[in-house]
Each structure stands twice: as C-alpha cells, then as structure tokens.
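Counting convention: from 1, in listed order, for ligands and their atoms alike. None of the values given here were measured: they were computed from a predicted structure.
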Amino acid sequence: MINILDFDLAALKNWMKENGEKEFRAKQVFNWIYNEVWDFYNMNNIPKSTKDKLNSFFYIGIPELLEVYDSEDNNTKKFLYRYKDGSIIECVAMEYTYGNSICVSTQVGCKMGCKFCASTIGGIIRNLTAGEITAQILKTQSIIHKRISNVVLMGSGEPLDNYENVIAFINDINNDYSLNIGQRHITLSTCGIVPKIYDLADLKLQITLAISLHASSDEERKKIMPIANKYNIQELIKACTYYISKTNRRITFEYALVKGINDNEDSARKLGELLKNILCHVNLIPVNTVTENNFKKPSKENIKIFSNILNDFGINNTIRREMGSDINAACGQLRRSYAKSIEKRC
Ligand code: SAH
C-alpha cells in the first residue's frame, strides 16, 4: 500500500490515467484530503468503482494522535503522533499574533548526536517521507481548527540528512491544491551538513535557512556537536556565504546558550568576529535542560551581556522566548518521555 500523500498532483493524475480513470479525479481526491476527508468512501463526487481502486492501492497516511499537551500560556501545543508502522514523532503548534506556526519532525529520532538534544538519544529509526511530514500539518490543523501559515523544520531529525524527502515536502506544501504555504513562510534548520547546504543553495528556494551553530570555535563546538568533527566552522560559514549569494536570503544562526560551555564573553566576541560581515540574524536560545544531560541555562544577566556584545559588533540578535518549556517542547523531549513512561508501564 502506498501513502497517497507521497504522490503529487502530476503523479496522481498519471495514476488515474494508467488505471482507466479521468485525470481530473486526482484534483478532486486531493481536494477532499486537504479538506480533512480521510476516507475514500466519504468522497462524495468520486464513483464507487474509483473509490474501490483507490482504496486497494492507497492509504491516506494521517498519523494517529497519541497525546496532546497544552502549555500554561495556552499558545503552544505539543502533539505526539503515531504512524501506521508504529513510529512515534512529535510536533508543536505555536500561535502568534501573525498566524499559526508548526514545528515538524523530519526523521524518527536523529543520528547527529548533539549533546544537549533529546531527539538523538535513541539514535535514528528511519526517515519520514514527504507525505508523512505533510500529514503532521494536516492532522494538527484538524485538531486546532486553524490554518497553519508557517512551518519550521525544527522537530526531531536532521532535515539535510533526509534531503530528497524534505525538498519534496517543501515543494508539496507550496502548491495551491495542497496547503499553499509559501517558501518565505518555511524555515529549515540544520546542524550544518555542508555539502547539502551547497545543494540547497543551488535550488535557490526562498526559504529561511537556520544554522544550529551553538559555538564560536571548533574546539567549543566539538564538545557539544559531533558534526563539528566532520565540518569545521570556516567551511560551514563559507557554505552559508554561498547560500546567501545564491538566494539573497538572510541566514538565522541558532545559538543555544549553555552555562559554562559557550556562554562566556570571549565566545560572544568570537561569534561577533565570525558573523560581523554576514547577512544574518542570531537567535540566542537559553538551553532547555534535558533529563539525560546536565546542561543548564545561563542567568538572565549573562544572556543579556552575551547579547549586548553581539550588538556591539552590529549583529542583529534576539533572545528566544521560551514558549512551551513547561510541556517539554524542546526537541525530542516529549517522544522521549513518552517512551520512558511506556517502559515503566511494561
Ligand atoms: N537537526 C536540526 C533541526 C532540529 S533541532 C538542527 O540541528 O538544526 C532544532 C533546534 O533546537 C536546533 O537548533 C537544536 O540545536 C535546538 N535544540 C535541541 N535541543 C535543544 C535544547 N535542549 N535546548 C535548546 N535548543 C535545543
């Protein structure tokens, strides 16, 4: 059985033709699916014989909701979803005044091994397909009863380690027959797989690229991110500069501040030197403590000092509001705590 969400309109039209059906049925079927009708037999304008064919060839791969958590401020909701094969992922919906955002997962687990991140603790199980990523948005919209207008690829997984599927996903949700989410409303976050940044740049998409930098020297970065052993910061920054030259897009650098590791004034100055000539924005994120590690966030004063040093270098920066930290909204924490609670129950 094939997940129909892994087909785009052209592929489904083709399927219709090959199966003796009218091509326009493809658009009708997608119309139903994107309007939350997830059973072929409830698609009223489709003939019974076509429904039978569809049903014997495809399934509509919407994940099942396992749990939902509301943050105290009510603006953030976290969902735990289970796909047909039992894989569990999480995704987060955030309500802002300008619209609703979703943070989607791109892999079940992750193999990048960042020391502060819960997603990677159990390693990787598998990649998600384009349709499975899209389905996170469809399912979430159906629960919150609101249109999602912004997508960040910052849930579990490394998007550039699942390159083909992620690009197909970005193209899919862009279509007007599907979710109509423009590239400028999509942010892709990567720990910095350098060759893939070049590939992405050559596509000249208008998405926002976010780089999980988290350190200003290789020595510091290697302590928390194994990917730093493969690509050094100079190579990474060179790839970013190439990305900017191809797309004209400003890059976001994410910097999770960890007390005693990367939060000192010297690190801030090095970061300033590194980024001062680059079209960028820095997101300072007080690290979320994960039960399995002992990383702590710096004090508010130290975060402010760090931010002010970047200001002195003329670098645009913001300290990220910690939305949903009361519901384990940091990457991978929910899936992890769910797995642990199941272990306890067994
Ligand atoms: N693999 C991609 C996207 C997923 S992680 C990447 O590395 O960018 C999304 C962001 O959350 C990354 O910047 C990641 O470094 C950060 N992150 C993960 N765990 C965190 C934690 N405990 N506290 C703060 N940020 C965290």
Visitor: Just go through A210, S119, S189 and tell me whose heavy atom is the nearest to atom 2 (C) of ligand 1.
Guide: S189
Visitor: Below 3.5 Å, N or O to N or O, backbone or side chain included: is there any such pair between F116 and ligand 1?
Guide: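 For ligand 1, there is an N or O atom that lies under 3.5 Å from one belonging to F116.
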Visitor: Could you list which atoms of ligand 1 come closer than 4.0 Å to a heavy atom of C117?
Guide: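 Those of ligand 1 that fall under 4.0 Å from C117 are 18 (C), 19 (N).
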Visitor: Look at the rings of H214 and F116 and say which category their plane angle falls in: under 30° parallel, 30 to 60° tilted, over 60° perpendicular.
Guide: perpendicular
Visitor: Based purely on interatomic distance, does V290 place a nitrogen or oxygen under 3.5 Å from a nitrogen or oxygen of ligand 1?
Guide: no
Visitor: Test your reading of the model: is there a side-chain donor-acceptor pair from N55 to the backbone of K51, 3.5 Å cut-off?
Guide: no
Visitor: Using a 4.0 Å cutoff against the non-hydrogen atoms of C191, which atoms of ligand 1 qualify?
Guide: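 Counting atoms of ligand 1 from 1, those under 4.0 Å from C191 are 6 (C), 7 (O), 8 (O).
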Visitor: Going by the angle between their ring planes, with limits at 30° and 60°, are F7 and F58 parallel, tilted or perpendicular?
Guide: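 Rings of F7 and F58: perpendicular, over 60°.
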Visitor: Can you list the ligand 1 atoms lying under 4.0 Å from a non-hydrogen atom of G157?
Guide: 1 (N), 2 (C), 3 (C), 4 (C)
Visitor: Assess the side chains of T129 and N165: does a donor N or O sit below 3.5 Å from an acceptor N or O?
Guide: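 Side chains of T129 and N165: no pair found under 3.5 Å.
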Visitor: Using the six-membered ring of Y163, assess whether NZ or CZ of K196 lies under 6.0 Å from its centre and within 45 degrees of the ring axis.
Guide: yes
Visitor: Non-hydrogen atoms of G155 versus ligand 1: any pair closer than 4.0 Å?
Guide: yes
Visitor: Is a side-chain donor or acceptor of Y255 paired with a backbone partner of A268 at a separation under 3.5 angstrom?
Guide: no
Visitor: Honestly, is K139 close enough over F79, meaning NZ or CZ under 6.0 Å from the six-membered ring centre and within 45° of the axis?
Guide: no
Visitor: Where on E254 is there a heavy atom closer than 4.0 Å to ligand 1, on the side chain, on the backbone, on both, or on neither?
Guide: side chain
Visitor: Could you list which atoms of ligand 1 come closer than 4.0 Å to a heavy atom of H214?
Guide: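 Heavy-atom distances to H214 below 4.0 Å select 13 (O), 14 (C), 15 (O).
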